[in-house]
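Every number for a ligand or one of its atoms is a count from 1 in the order of the listing.
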Amino acid sequence: MTRPDVPIPESPQPPFPVEEHNVTVIAGFGRGSAELGIPTANISTKEVKQVTQLDPGVYFGWVKLHKKQDATHSDIKERESGKQVEYSYGLGLEEGKDLEVVLPTVMSIGWNPFYGNKEKAIELHIVHQFPKDFYGATVCFNVLGYIRPELNYTTKEALIKDIQTDIEIGIQTLNTPQYQKYKRL
Ligand code: ADP
Ligand code: MG
């Protein structure tokens, strides 16, 4: 399927902006980085209200990452797959560089196959190079616009290419004055 041409308005239109605060980054399958080279911070849908109401698809907005309050050490937890994952809660990230700064994000809202497509999955790719993973940290973010619907891909390459296009569209739009106004969380 080829991606539909979705025009992006000059400024956010209702229902945007949608904003969520202090949502925990949780472990998913661990596929985004491994298979696509595009990590997505999965968040707990139980901690968000408005964003779960949005239709499945790809969106963009701003995000700010926070270290989990009072975190002093990492923990080893288990993924749904049984594999181990380190929860570092944002420890090891730099304040003012990785943490507490507003960064662009491209988000995917879809149906989580692990839960028999009954539960929505919300994932944020943050346009930033982090020195390490940050499972267990929290995010505040806003959603300012819609990029495209969920599509079915026959090849991994086609999916990666479309995600790269999504990231470019997101960055370009966020750079415009009407979207810069929302660069505060
Ligand atoms: P999972 O299925 O557990 O979400 P991913 O392969 O999608 O695994 O990787 C997501 C994790 O990668 C995030 O939870 C975060 O800790 C880390 N990460 C590193 N850089 C980024 C980034 N730029 N955007 C989002 N997550 C990132
Ligand atoms: Mg992910």
- [ ] Kindly indicate whether the side chain of Asn142, heavy atoms from C-beta on, has any atom under 4.5 Å from the side chain of Leu185.
- [x]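 Yes. Closest side-chain heavy atoms under 4.5 Å.
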
Task: From Thr52, Ile122, Ile43, Val51, residue fulfilling side chain to side chain contact (heavy atoms under 4.5 Å, CB included) relative to Glu20 - done: Val51

Around [X], counting heavy atoms of other residues, nucleotides and ligands shown, do more than 12 lie under 6.0 Å from its [atom1]?
| X | atom1 | value |
| --- | --- | --- |
| Glu157 | CD | yes |
| Gln13 | CD | yes |
| Lys46 | NZ | no |

Task: Residue pairs, two or more places apart or on separate chains, that pass salt bridge (Lys or Arg N to Asp or Glu O under 4.0 Å) and touch residues 165-185 - done: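 Only Arg3-Asp166, Arg148-Asp166 qualify under salt bridge (Lys or Arg N to Asp or Glu O under 4.0 Å).
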
Task: Any side-chain donor near an acceptor of the partner, Asp55 and Tyr146, under 3.5 Å - done: no

Per-pair distances, ligand 1 N/O vs protein N/O, less than 3.5 Å:
from, atom 1, to, atom 2, distance (Å)
ligand 1, 2 (O), Phe29, N, 3.2
ligand 1, 2 (O), Gly30, N, 2.7
ligand 1, 3 (O), Gly28, N, 2.8
ligand 1, 3 (O), Arg79, NH1, 2.7
ligand 1, 3 (O), Tyr135, OH, 2.7
ligand 1, 4 (O), Thr40, O, 3.0
ligand 1, 4 (O), Asn42, OD1, 2.7
ligand 1, 6 (O), Gly32, N, 3.2
ligand 1, 6 (O), Ser33, N, 2.7
ligand 1, 6 (O), Ser33, OG, 2.5
ligand 1, 7 (O), Thr40, N, 3.0
ligand 1, 7 (O), Thr40, O, 3.0
ligand 1, 7 (O), Thr40, OG1, 3.2
ligand 1, 8 (O), Tyr135, OH, 3.2
ligand 1, 9 (O), Ser33, OG, 3.1
ligand 1, 16 (O), Phe134, N, 2.8
ligand 1, 23 (N), Ile126, O, 2.8
ligand 1, 23 (N), His128, O, 3.2
ligand 1, 24 (N), Ile126, N, 3.1

Open item on the list: What protein N/O/S atoms are there under 2.8 Å from the Mg ion (ligand 2), waters excluded?
Closed with: Thr40 O, Thr40 OG1, Asn42 OD1

TODO: Quick one: list whatever passes side chain to side chain donor-acceptor pair (under 3.5 Å) with Tyr135, sequence neighbours left out.
DONE: Arg79

Open item on the list: So does Leu174 get a backbone contact from the side chain of Gln180, meaning a donor-acceptor N/O pair under 3.5 Å?
Closed with: yes

